[in-house]
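Written out below as structure tokens is the structure these notes cover.
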Amino acid sequence: MLPITDPYPKHHGALGGFAWLHLAPEHRGAAVRALAALPGIEEIWEREDAATIYELPADRIGDLGLAAAADTALGRHAVDHDLSQLHGGLRSHGSRHEQLVPLILSRPVRGPLAKRLYAGVLRNRDIHDLTLNNTV
């Protein structure tokens, strides 16, 4: 299951850089081995690790999390993805390569978020607190 499932083809063609796999426990090991051997597959996590890395509730995600390399987009079947309607290049969502978003501020950062900002671990949910409460 791709988290980005809308069929809007103008930018991403319903393709993504991340997928959740729902598998019976006895098939997970074989799936990890088969997927790890494919070109373009960069990371595979068991549910608990994926929940920690992506800060998600473990009871609401798949059994395995699969992330693609920067030059790879994941999808279901070719028939499900009409790339003829793309406007410009294909944009993918979900892999670690889409996590980093530049943050440029015109004021110095102070306060409790400064350390996290300079460590590069702020999330997009921190932007309001950062700009309203932690700048001089």
With a 4.5 Å heavy-atom cut-off, do L64 and E46 have their side chains touching? yes
Any chain of hydrophobic side-chain contacts (each under 4.5 Å) joining Y118 to L130? yes
Quick check: is L38 connected to L74 through a chain of hydrophobic side chains (ILVMFWY, heavy atoms under 4.5 Å apart)? yes
T131 vs L105, side chain to side chain contact (heavy atoms under 4.5 Å, CB included): CA-CA, chis, key distance, verdict: CA-CA 8 Å; T131 56; L105 299 169; 3.8 Å; yes
According to the interplanar angle, ranging from 0 to 90°, do the rings of W20 and Y54 count as parallel (below 30°), tilted (30 to 60°) or perpendicular (above 60°)? perpendicular
When rounded to the nearest 0.5 Å, the distance separating CG of L21 from CG of L66 is 6.0 Å
For a quick test of reading the model, state the closest non-hydrogen atom pair linking A58 to E48 and the distance between them. CB-OE2, 3.6 Å
For L122, is there any backbone N or O sitting under 3.5 Å from a side-chain donor or acceptor partner on R116? no
If you take all heavy atoms of L23 and A31, which pair is closest and at what distance? CD1-CB, 3.5 Å
Test of understanding: with side-chain hydrogen bond (donor to acceptor under 3.5 Å, both in side chains), list the residues that count as partners of N134, not counting sequence neighbours. D129
Indicate the atoms forming the closest heavy-atom contact of R47 with I61, along with that distance. NH1-O, 3.2 Å
Could you tell me whether the side chain of T52 reaches within less than 4.5 Å of the side chain of W45, counting heavy atoms only? no
Report, as yes or no, whether the 6.0 Å neighbourhood of atom NE2 on H22 holds more than 12 heavy atoms from other residues, nucleotides or ligands. yes
Closest non-hydrogen atom pair between L35 and I44, with its separation: CB-CD1, 3.6 Å
L132, V109: one ILVMFWY side-chain cluster at the under-4.5 Å cut-off? no
Report yes or no: do I127 and V136 belong to one cluster of Ile/Leu/Val/Met/Phe/Trp/Tyr joined by side chain heavy-atom distances under 4.5 Å? no
